[in-house]
Amino acid sequence: MVDRLISVALPVPLYHNFSYLVPPFLQEEVHRGSLVKVELKNRSLLGWVVAEDEKNEKNIPLKPIVGVAPIFPLSSLEISLAHRIQELWFCSLGEALSLFTPPLAKRWEEDASFRVYPGARRDPDIEEIAPAGVNLFLFREKTGLSRDKIRRLVKKGIMALEREKIEPVSWFSGGEPQVYWQSIPFFKDRVSFITNFCQRLKTEGKKGMVIFPDFATLDRYYKILATQLDCWHLIKYDSRLSSKKRFFAYKLAEAGDYQLILGTRLALFLPAREVSYYLILDPADRGHFSDQVPGYDSLRILEERVKLGGGRLEIVGSVPSLEEFYLMDSRKVSHKDFFPSQEVARPEVKIVTYRAKKRVLTLPVQQAISQTLSQGGRAFIWVQKTGYSSALGCRDCGFYYVCPRCEVAFRYHIEDHRLICPWCGLVQLPDAVCPQCGGAWLEAWGEGVERVWETVSKIFSRVSILRMDREERKRELPLVFPSIVVGTSLLLQEEVLSKGDLLVMVSVESWLSLTDFRAREKLYGQVQKARLFLGTESKTTPRLFLQIKEEKEKEAERLLAPWWVFYREELEKRESLGYPPYSVMLYLIGEGGNRKKRQVVLTKIGEECKGEGWKVMGPFPSAGLRKRGSLRDEMVIIFPPRERKKVLETLSRTLDGRKIGNVQVFLKVDQ
DNA sequence: AGCACGCCGACT
DNA sequence: GTCGGCGTGCTC
């Protein structure tokens, strides 16, 4: 008899799979999609079986697999999804599949490999708790029965245990793929929307999944929904769960023992194979993006999931991001209109310009604040940056000092008149006049929250002023806000803005001079959010002030355009420049070794890509973030989205493993 | 990634 | 003498 060979994808950054032997006693349990325990270079790893191998081509001495996890194999749909993840974020198949791997431990693995049935002897008391065919792990978690107790019940013949039959499963099709986007800004309306969503699940007898951007939001909705959906089978899933609880949720999902899953992005990878309705809240929020390998995002995963397995996806946002607009514009997503339950007053918007900045707040703004305060209202002042002063720049032309290595603004230290890079620590002395236009007025720029707070405190010395910046983020929001609040983008949320009568956005232009090509649209999103949420609980007409340099007034006006106008223009710009979403920009970051070695490694990959006709920029030296003082080199490959597969192939050919010699290569995708 | 092996410098 | 730093090679 010929030994059976299988191909296993392992969670290592190597772009090929590994072959293993299947020992005779595990034959029955191993299928495509099984989770198996294997040895690799003296360590124990969990990997997914992705194929049956024909023969041992390279004639390597093969090791047998050590064991099979007591879970059902992944369906072919999940494996396809993992392939898609690999293509989208340029990771190895094993890394993509590791998203689907549940935590395992000996103690509960044993339980999970049995199934409980009612025994031959009838006992009306016990019969109720031993329904026909439940996984023993699930049964014990639900009933809390001890192992001893179960052993005794089995002995008495009241219960019977059988080995769990691990067989391939299939994916229940969610029907024709449908994706909708709609703007539902207010919490109250969102709650009723989700309630309707659940109602629809109930009447149609279908299963659903709702993905929230972070666990604070999840908790907030869960609190309300859990009481409304009293006797529903809910799975609440996020990273705070212990590994045992996670495994429990995994087995529940696998058994189809749920109606609705509420969770953060981790819940996307539960083996919930019967879901036909999906809902995602605010897909552009940071929490939907993973910062580990693979750097996926919830919306992309859901899109692919629906594309592969069918179902209906509801995207709920307030102001769409450019990416969301692009989906609607290219008709991948349909736009639905939602009508708020009540009419709310929209703020009156004023653009306040100034020529040369002498103070943080212009006179009209100061007057507006005083007026608001005298009417018993509340004023918010929004500042872009944390800290005190962040840069040194020219008052006339907008030039500012940037570190040549890191391309970030030099921090200006007023006491010793020096420029210091916040990343690499490079020190430079500023010139006497502006090196760009020769202007005489170089000044400390982009005032941070602390500095603004300090000046505002001086002007309104008799009022209590709250400062809200990132350090205070972990704390709960205050129950009652003081009359003046100075803060960063932390302010720009419904719960805060609804309680204000005036919002001032100071130095709006500091966003517009950033090198980041997304800065403008980020600012747009912030301004639009402010317009939506400001003063919805206010008795008077709320007011929004944009304080900006005179020559940038036109830019400020553009920020007030409706999103379909603003984004259309932005997309046209992106298309003509060959930026995402029309191209994929793949950043290769080389770290470690010495410069020469990094350059050699990157150049080699670069040459390969140039040969395929893709645009390559670099390698350029840049600063290391991980170790202080360690440097790195970066290279960007730009190619059309259609060629993702080919790029992945080229990459895995040149770079099997993301470490070559002493050089580490990190990948970042912008698409 | 992460493990072993190997080659050098500074310690009880 | 050997402990442990890191550079290099390799993993079914």
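Below, chain A is the first sequence line, B the second, and so on; all start at residue 1. Computed from a predicted model, the values in this text were never measured in an experiment.
The shortest distance between side-chain heavy atoms of A:V169 and A:R273 falls below 4.5 Å. For the pair A:V402/A:F410, no side-chain contact is recorded, criterion being any heavy-atom separation below 4.5 Å from C-beta on.
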Please enumerate all protein N or O atoms sitting under 3.5 Å from an N or O of nucleotides 5-9 of chain B, with distances to 0.1 Å.
none

Atom pairs under 3.5 Å: protein N/O with N/O of nucleotides 10-12 of chain C:
residue: C:dC10; atom: O2; partner: A:K41; partner atom: NZ; Å: 2.8
residue: C:dC12; atom: OP1; partner: A:E39; partner atom: O; Å: 3.4
residue: C:dC12; atom: OP2; partner: A:K63; partner atom: NZ; Å: 2.8
residue: C:dC12; atom: O3'; partner: A:S19; partner atom: O; Å: 2.8
residue: C:dC12; atom: O3'; partner: A:K63; partner atom: N; Å: 3.0
residue: C:dC12; atom: O2; partner: A:S19; partner atom: N; Å: 2.5

N/O donor-acceptor pairs under 3.5 Å from side chains in residues 602-613 of chain A, not counting sequence neighbours:
residue: A:T603; atom: OG1; partner: A:Q599; partner atom: O; Å: 2.4
residue: A:E608; atom: OE2; partner: A:R653; partner atom: NH1; Å: 3.0
residue: A:E612; atom: OE1; partner: A:K646; partner atom: NZ; Å: 3.4

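For A:Y15 and B:dA1, the OH to C1' distance is 12 Å, given to the nearest whole Å. Rounded to a whole Å, the CD1 atom of A:I660 is 12 Å from the P atom of B:dA1.
Between A:R4 and A:E52 there is a salt bridge, since a side-chain N of the basic residue sits under 4.0 Å from a carboxylate O of the acidic one.
By the neighbour-count criterion of 12 heavy atoms within 6.0 Å, atom CD of A:E39 is densely surrounded, having more than that number from other residues, nucleotides or ligands.
Seen from the ring of A:Y258, A:K207 counts as a face-on cation partner, given the 6.0 Å and 45° thresholds.
Across all strands, A:E95 comes closer than 4.0 Å to no nucleic acid atom at all (heavy-atom distances).
Ring geometry for A:F18 versus A:H16: interplanar angle of 30 to 60°, hence tilted. Between A:F517 and A:Y579, the angle of the ring planes stays under 30°, which puts this pair in the parallel group of the 30/60° scheme.
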